[in-house]
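Note: hydrogens, waters and symmetry copies are ignored here, and every other heavy atom, side chains too, is used.
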Amino acid sequence: SDLRQILATKSVENIQFLPFLTTDANNLSWLGYGCLKGDGTLITVNAIGAALQTLYILVYLYYSPAKVGQGPGAMWRMEDPHPYVHPHPCCPSQRLVLLQVLLLLAVVVTGYGYFTIMVDTGTCLTQLGLFCSVFTITMYLSPLADLAKVVRSKSTRCLSFPLTVTTFVASSSWTLYGLQLHDPYITVPNVPGIITSLVRFWLFQQYRPEQDKPYSSLPA
């Protein structure tokens with residue numbers, strides 16, 4: 001939905017870049033784990049995921065403004081003798097986005113060098129699996145602040161129901177797959193995804209979207 005919004009508005013205003021970056025890093029980490037383990041399912045799924053996330057990053061970078069407050073989503077006041085651009089503090093600049101991408105590349109190269117040169121083959125798979133598990137658990141637990149905001153405001157406007165369904169299905173599938181392989185590095189980190197998805201379903205049930213509709217003002 002974020003990608004459709006970017007392409008439709010030709011702007012990245014109010015769309016966070018960090019989720020694209022962290023998801024790409026997560027896919028690349030699991031891709032490396034799948035290659036070491038020789039697991040075709042992990043390799044295929046995460047290779048496709050990494051390719052798609054890289055595409056999202058390139059689109060985000062293309063539509064990011066050259067400077068904060070500039071870009072396709074900027075508004076010009078043509079009635080002024082010197083048009084100016086309204087700043088959009090939520091819209092990161094291309095330089096900031098590019099810096100974050102370069103940081104990701106540096107982390108990937110460093111991790112690749114560490115796991116291929118510094119670590120012996122016997123412990124490489126264990127350490128990479130542990131890293132991937134911790135990274136995935138962190139990603140699943142990071143939206144807890146949004147869940148607390150929903151409880152305080154009694155509104156689910158900041159939650160995406162399709163994303164919740166997707167997260168639940170993906171987490172459940174990977175958990176079952178990990179159980180089948182007897183691989184705790186795949187099973188354990190996806191359990192928080194199931195739990196947080198169930199909490200979100202409960203919040204959608206408690207605070208239905210129709211309850212969030214603003215009250216229409218009475219005619220004067």
Side-chain angles (χ1 to χ4, degrees), residues 2-3 16-61 92 96-147 160 163-200:
D2 287 340
L3 181 62
Q16 294 181 341
F17 177 68
L18 189 59
F20 293 107
L21 196 64
T22 54
T23 304
D24 199 14
N26 189 52
N27 287 135
L28 291 173
S29 300
W30 282 110
L31 177 60
Y33 181 77
C35 290
L36 287 176
K37 190 177 176 67
D39 191 315
T41 302
L42 282 174
I43 294 174
T44 302
V45 172
N46 287 284
I48 295 175
L52 291 176
Q53 291 299 325
T54 301
L55 175 62
Y56 297 160
I57 289 174
L58 293 176
V59 172
Y60 195 102
L61 181 62
L96 179 60
V97 172
L98 186 59
L99 181 63
Q100 293 176 341
V101 172
L102 292 177
L103 180 60
L104 171 63
L105 292 177
V107 171
V108 170
V109 172
T110 303
Y112 178 80
Y114 173 77
F115 286 109
T116 56
I117 300 176
M118 303 294 294
V119 182
D120 60 277
T121 308
T123 59
C124 184
L125 187 64
T126 301
Q127 291 192 12
L128 182 56
L130 182 61
F131 171 80
C132 292
S133 298
V134 173
F135 195 93
T136 302
I137 292 174
T138 304
M139 285 186 59
Y140 279 135
L141 296 183
S142 59
L144 288 180
D146 291 335
L147 300 185
S160 171
L163 180 60
T164 302
V165 174
T166 303
T167 302
F168 178 76
V169 173
S171 302
S172 302
S173 301
W174 282 116
T175 300
L176 294 175
Y177 184 71
L179 289 173
Q180 183 181 6
L181 296 181
H182 304 286
D183 190 335
Y185 298 121
I186 299 177
T187 304
V188 174
N190 285 284
V191 173
I194 298 176
I195 296 175
T196 55
S197 297
L198 292 176
V199 172
R200 290 183 183 184

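Side-chain atoms of Thr196 come within 3.5 Å of backbone atoms of Gly193 as a donor-acceptor pair (strictly under, hydrogens ignored). A donor-acceptor pair is defined here as one N or O able to donate and one able to accept, closer than 3.5 Å; such a pair exists between the side chain of Ser133 and the backbone of Tyr185.
Under the 3.5 Å distance criterion, with hydrogens and angles disregarded, no donor-acceptor pair is assigned to the side chains of Thr187 and Tyr177. For the residue pair Thr136 and Trp174, no side-chain donor N or O sits within less than 3.5 Å of a side-chain acceptor on the partner.
A distance of 11.5 Å separates CG in Asn190 from CD1 in Ile195, rounded to the nearest 0.5 Å. Of the inter-residue distances, the one linking Ile194 atom CD1 with Ser172 atom OG reads 4.0 Å to the nearest 0.5 angstrom. A distance of 11.0 Å separates CG in Leu28 from OG1 in Thr23, rounded to the nearest 0.5 Å. Summarising the geometry, atom CG belonging to Leu99 is positioned 7.0 Å from atom CG belonging to Leu103; distances are rounded to the nearest 0.5 Å. The distance from atom OG1 of Thr44 to atom CG of Leu31, rounded to the nearest 0.5 Å, is 9.5 Å.
The two residues Pro192 and Pro189 have their closest heavy-atom pair at CD-O, 3.3 Å. Closest approach of Thr167 to Ser197, counting heavy atoms only: CG2-OG, 3.5 Å. Of all heavy-atom pairs spanning Asp39 and Thr41, the tightest one is OD1-N, 2.9 Å. Taking both residues in full, the closest heavy atoms of Gly34 and Leu42 are given as CA-CB, 3.8 Å, listed atom of the first, atom of the second, then distance.
Between Tyr33 and the choices Ile43, Asn46, Leu128, the side chain to side chain contact (heavy atoms under 4.5 Å, CB included) rule is met once, by Leu128.
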Which donor-acceptor pairs under 3.5 Å do the side chains of residues 47-55 make with protein atoms, sequence neighbours left out?
unit_1	atom_1	unit_2	atom_2	d
Thr54	OG1	Asp24	OD2	3.3
Thr54	OG1	Ala50	O	2.7

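Using a 4.5 Å cut-off on side-chain heavy atoms (C-beta onward), Tyr140 and Val191 make no contact.
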